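Within every chain, numbering begins at 1; the chains are lettered A, B, ... in the order of the sequence lines, protein sequences first and strands thereafter. Just so you know, these numbers come straight off a predicted model, no measurement behind them.
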There are 2 protein chains.
Amino acid sequence: MDTPIRQQMEALVHRKQLEITQALESLDTVKFQTDTWARGNDGGGGTSMVIQNGDTFEKGGVNVSVVYGKLTPQAVSAMRDNHKNLELTHNEGTKFFACGLSMVIHPHNPHAPTTHLNYRYFETWNADGSPQAWWFGGGADLTPSYLYEEDAEHFHTLHKRALDKHDKNLYPKFKKWCDDYFYIAHREEMRGIGGIFFDDFDDRPATDILKIVEDCFDAFIPSYIPIVARRKDTPYTPEQKKWQAIRRGRYVEFNLIYDRGTQFGLRTPGSRIESILMSLPEHASWLYNHHPEQGTPEAKLLEATHHPKNWAKE
Amino acid sequence: MDTPIRQQMEALVHRKQLEITQALESLDTVKFQTDTWARGNDGGGGTSMVIQNGDTFEKGGVNVSVVYGKLTPQAVSAMRDNHKNLELTHNEGTKFFACGLSMVIHPHNPHAPTTHLNYRYFETWNADGSPQAWWFGGGADLTPSYLYEEDAEHFHTLHKRALDKHDKNLYPKFKKWCDDYFYIAHREEMRGIGGIFFDDFDDRPATDILKIVEDCFDAFIPSYIPIVARRKDTPYTPEQKKWQAIRRGRYVEFNLIYDRGTQFGLRTPGSRIESILMSLPEHASWLYNHHPEQGTPEAKLLEATHHPKNWAKE
């Protein structure tokens with residue numbers, strides 16, 4: 001019998017946690033610190049790897065979690081974008097398994113973009129043990145404080161290439177999903193310049209989707225590391241550092257107000273707050289009624305967050 | 001005929017906006033900047049007074065808004081803690097009037113506490129013009145980064161005195177309500193060391209409640225100004241400033257995740273985002289898994305946010 005998908009995904013996220021943290025460490029003078037946690041009375045736990053106060057990375061975390069147990073159907077449905085296949089009414093004991101890697105990296109230099117990546121897999125069963133549903137979700141995106149078009153193009157192009165290998169319909173769909181999902185409605189702006197995002201991905205064999213996820217994972221390191229490598233030593237002014245903190249304030253706004261994973265995590269008993277809020281930057285700032293002057297690099301970035309653009313080449 | 005309560009409340013909040021900003025300015029080298037805003041197609045508007053980058057005050061705003069028009073019953077009910085008297089089902093045109101003053105002041109010195117104050121009045125009418133409900137809400141509270149027990153006692157005692165003049169049952173009730181409302185559930189800690197908070201206040205004649213609100217307003221200046229006066233020049237270290245930013249991160253967490261007014265405002269079309277988010281500090285910080293060492297002043301503050309205490313003397 002083949003290894004179950006959930007075990008393959010678990011092995012994948014653990015392997016990627018090491019590969020990604022090693023690739024990031026190659027750009028910095030400090031190392032990631034690792035700590036593990038368990039869910040107490042509930043099943044599962046995780047491994048958080050955190051980098052703080054580096055020369056390159058101000059703050060970042062790469063978290064793997066593998067959790068399972070019983071949840072109310074309402075709680076399970078909150079983890080999913082739509083609710084197909086989930087029996088929400090006459091079911092008192094949905095069992096679930098979830099594993100994933102989630103990561104946010106905030107570089108120190110305001111010219112180097114913040115990035116977020118998350119790939120996850122869910123399975124649910126009925127109380128009698130029969131399978132109910134499974135799906136993949138995730139994506140990766142870029143949030144710069146200053147827009148370098150070649151960085152946006154590079155990041156998008158490599159992710160498009162990874163998806164195009166499997167199905168040319170995926171990138172356009174996941175790119176739009178990312179723009180739509182990471183949207184700060186009260187600001188009428190996107191969190192950054194996008195990337196890819198998907199949820200409820202179950203429309204083909206799980207082994208095929210796992211391969212797609214693996215290829216997206218593989219696309220991340222070459223899509224992000226070279227960007228940081230060429231921006232991390234760019235000279236910057238105190239004013240540019242302040243602008244970065246203002247943009248990180250917007251990041252905080254999105255994550256605390258809109259992000260479904262954060263909302264779900266903060267309201268779930270037994271979840272680990274520190275791992276959920278690992279995504280928040282070391283520094284964020286709010287100024288009253290702050291608007292960059294027209295024609296400045298700050299205004300150019302804002303403009304890009306108001307109008308989705310097709311960054312991918314090819 | 002007597003002046004309607006809504007006009008009296010409107011006059012009160014405008015008068016208090018000037019008194020409070022003048023009292024605060026007496027402690028600083030910079031002045032409040034005033035700007036007014038209108039709700040566009042909807043009725044009403046407001047006056048925002050903002051202080052930034054002062055020697056004493058890092059960031060603060062005192063905002064008066066007077067808004068009216070039609071709202072869905074669901075929207076009106078979201079403004080209220082419980083929904084009594086609001087006809088939520090067979091009613092398509094609840095008219096409302098709301099006016100209030102809301103204020104958050106973040107001093108620069110980590111030994112001087114942040115404060116929040118808000119007093120507001122609502123009225124609703126049925127589509128035929130008949131009165132439906134009215135109520136007052138509001139309160140004032142203190143959020144220090146370092147606990148000075150005499151400051152907490154002073155702030156609470158003056159607010160207790162203002163309420164005791166009218167009804168000795170009010171302070172204990174409003175003090176507990178404040179502790180319960182400004183609670184960061186995912187951290188299992190209170191936002192600060194409390195004060196008073198109430199909503200749906202309509203259990204006695206409106207003129208009596210207006211007088212209570214006025215007395216609470218009057219209690220604010222002597223309860224807060226002397227605290228800032230004696231803390232604003234206290235020497236502090238860079239580490240103490242960092243701790244202040246971490247505590248302000250918690251302030252951001254409460255306001256963006258739990259505060260009903262913020263949630264309501266951010267999701268209401270036509271509301272003014274800058275005035276709603278005026279409450280956020282200039283600087284906030286998040287460190288992974290940060291816990292102050294036992295026995296330190298930082299741990300003492302945290303301890304106070306975990307265990308409500310009866311601060312008022314008398």
Undergrad: Can B:His186 and B:Glu253 be counted as having a side-chain donor-acceptor contact under 3.5 angstrom?
TA: yes

Undergrad: Is B:Glu282 in contact with chain A via its backbone, its side chain, both, or neither, using a 4.5 Å heavy-atom distance?
TA: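 It is both, since atoms from each part get that close.
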
Undergrad: Can you tell which part of A:Ala185 gets under 4.5 Å to a heavy atom of chain B, answering side chain, backbone, both or neither?
TA: neither

Undergrad: Tell me, side chain or backbone of A:Ile257 under 4.5 Å from chain B's heavy atoms, or both, or neither?
TA: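 Both backbone and side chain.
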
Undergrad: Examine the side chains of A:Tyr288 and B:Asp35 and answer whether a donor and an acceptor come within less than 3.5 Å of each other.
TA: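 Checked: A:Tyr288/B:Asp35 side chains pair up, N/O donor to acceptor below 3.5 Å.
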
Undergrad: Report which part of A:Leu277 has an atom under 4.5 Å of a heavy atom belonging to chain B: side chain, backbone, both, or neither.
TA: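 For A:Leu277, the contact with chain B is made by the side chain alone.
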
Undergrad: Are side-chain N/O atoms of B:Asp199 and B:Tyr181 paired as donor and acceptor at under 3.5 Å?
TA: no

Undergrad: Parallel, tilted or perpendicular: which one describes the rings of B:His108 and B:Tyr236, with boundaries at 30° and 60°?
TA: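 Perpendicular, since the angle between the ring planes exceeds 60°.
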
Undergrad: Salt bridge check: are B:Asp179 and B:Arg191 linked by an N-O gap of less than 4.0 Å?
TA: no

Undergrad: With a 4.5 angstrom heavy-atom cut-off, is it the side chain or the backbone of B:Ala245 that approaches chain A, or both, or neither?
TA: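 For B:Ala245, there is no contact with chain A at all, as no heavy atom is under 4.5 Å.
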
Undergrad: Counting heavy-atom pairs under 4.5 Å to chain B, which of A:His283, A:Arg187, A:Gln52 comes out on top?
TA: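 Winner by heavy-atom pair count: A:Gln52.
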
